[in-house]
Amino acid sequence: MTTKKFASQADLEEKKVTFSQISEHAWAYTAEGDPNTGIIIGDDAVLVADTQATPAMAADVIRRIREVTDKTIKYVVLTHYHAVRVLGASAYKPDHIIASQDTYDLIVERGEQDKASEIGRFPRLFQNVETVPEGLTWPTLTFTGKMTLWLGKLEVQLLQVGRGHTKGDTIVWLPKEKTLLSGDLVEFDATPYAGDAYFKDWPQTLDNLAALSPKALLPGRGAALTTPQEVAKGLAGTRSFIADVYESVKAGAAAGRDLKVVYQETMDKLRPKYGHWVIFDHCMPFDVTRCYDEVTQYADPRIWTAERDVQMWKALEG
């Protein structure tokens, strides 16, 4: 039996980038299941949601923005704290980097460890990692619950609608055109990473997103969803995955089975339905470990370090 390569270290294939307009003021930068970036072009300025993993990779987003507008990139919004989403921020030279206060607190608590952990997991996603400046990406503005930005007459709402992927999850919502940038609260044909998640809360948070009735939605990974039907499919797919992991792990833990057995059982149950989704094999050890933690003894996610990542992987996949 061959040992599975750690996390995404075997994933070296370049992905094709798509840059497309999804509503009057919103654009989507997607790359076949790699992390997405959302762009809002207002009357007088540009907002970028999630930055790519390095300044070198962010340069490609900027190049595409410049093909459609010369307006200043005024705001960068961090939908959450994960390194693959935030370490490209310096390239945009924004006036402000905005995050929820919960995200700020997570950067303080675990930003350094997360940075080392993610760079170890995703070599391809950290192209030209030497272009990342020293230290961490710090928000210059934080909020709790809701913040409204006006790009001229365009209203842009930053909302916390519940915990899910992390405790700090923030969405970008254009109420006039019913367009949603969800960050990793929603994925499409891509496996939700739930190593820092709140499994019990996530389904309700997705219901809160559905209650907005989005007409277009840019998920954290996967293709932009540009009809209400596609949006509903994206929300339902993410919801069923989270519920299926939780149900399987909770049942196994309740029966007194250890993490490795619960992991193997959950993989066997979920692979037929979700095994074709991007990063399934990468995410599942982290997802099941976090879920097992949550249903047994840890209400809040434990910190992933590069060392803990490898120990966990060996324990479950070795």
Got a donor-acceptor contact below 3.5 angstrom from the [X] side chain to the [Y] backbone?
X: Asp169; Y: His165; result: yes
X: Thr238; Y: Gly234; result: yes
X: Thr305; Y: Gln113; result: no
X: Asp258; Y: Val261; result: yes
X: Asp189; Y: Gly222; result: no

Does a donor on one side chain and an acceptor on the other come within less than 3.5 Å for Gln160 and Asp102?
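Present: a donor and an acceptor within the cut-off.
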Looking just at side-chain N and O atoms, do Asn208 and Gln204 make a donor-acceptor pair shorter than 3.5 Å?
yes
Identified side chain to side chain donor-acceptor pair (under 3.5 Å) partner of Thr79 from the options Asp50, Asp184, Thr170, Thr103
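Among Asp50, Asp184, Thr170, Thr103, the one meeting side chain to side chain donor-acceptor pair (under 3.5 Å) with Thr79 is Asp50.
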When you check the gap from the basic side-chain N to the acidic O, do [X] and [Y] get nearer than 4.0 Å?
X: Arg64; Y: Asp60; result: yes
X: Lys167; Y: Asp196; result: no
X: Asp34; Y: Arg124; result: yes
X: Glu265; Y: Arg257; result: yes
X: Asp207; Y: Arg239; result: yes

Let's go through Val108 and Trp138 carefully: what are the C-alpha distance in whole Å and the side-chain angles of both, what is the deciding distance for side chain to side chain contact (heavy atoms under 4.5 Å, CB included) to 0.1 Å, and is it a yes or a no?
CA-CA 9 Å; Val108 171; Trp138 290 103; 3.7 Å; yes
Tell me if the [atom1] atom of [X] is crowded by more than 12 foreign heavy atoms within 6.0 Å.
X: Lys200; atom1: NZ; answer: yes
X: Lys178; atom1: NZ; answer: yes
X: Lys314; atom1: NZ; answer: no

Taking the side chain as every heavy atom from C-beta outward, state whether [X] and [Y] have any pair of such atoms under 4.5 Å apart.
X: Trp277; Y: Cys283; answer: no
X: Ile40; Y: Leu154; answer: yes
X: Pro285; Y: Leu316; answer: yes
X: Arg221; Y: Ile279; answer: yes
X: Glu155; Y: Gln157; answer: yes
X: Lys269; Y: Thr266; answer: no
X: Tyr81; Y: Tyr104; answer: no
X: Thr144; Y: Ser100; answer: no

So if I apply the side-chain contact (heavy atoms from CB on, under 4.5 Å) rule between Leu218 and each of Val186, Val172, Asn36, Thr37, which one comes out positive?
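Single side-chain contact (heavy atoms from CB on, under 4.5 Å) partner of Leu218 among Val186, Val172, Asn36, Thr37: Asn36.
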Give the cluster check for Leu206 versus Leu181: same hydrophobic cluster or not, with ILVMFWY residues linked at side-chain heavy-atom distances below 4.5 Å.
no
Locate the shortest heavy-atom distance separating Gln127 from Thr54; write the atom from each residue and the value.
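Nearest pair, atom of Gln127 first, then Thr54: O-OG1, 2.8 Å.
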Could you walk me through whether Tyr75 and Val156 pass the side chain to side chain contact (heavy atoms under 4.5 Å, CB included) test, one step at a time?
CA-CA 11 Å; Tyr75 301 109; Val156 182; over 6 Å; no
Show, in sequence, the C-alpha distance, side-chain angles and deciding distance for Met284 and Tyr274, and conclude whether the side chain to side chain contact (heavy atoms under 4.5 Å, CB included) test is met.
CA-CA 11 Å; Met284 284 298 287; Tyr274 307 107; over 6 Å; no
Could you go step by step and tell me if Asp300 and Tyr198 meet the side chain to side chain contact (heavy atoms under 4.5 Å, CB included) rule?
CA-CA 8 Å; Asp300 295 298; Tyr198 289 83; 2.6 Å; yes
Mutual orientation of the aromatic rings belonging to His282 and Tyr193 [parallel < 30°, tilted 30-60°, perpendicular > 60°]:
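The arrangement is perpendicular - the two ring planes meet at more than 60°.
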Parallel, tilted or perpendicular: rings of Trp313 and Phe286 (30°, 60°)
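Taking Trp313 first and then Phe286, their aromatic rings sit tilted (interplane angle of 30° to 60°).
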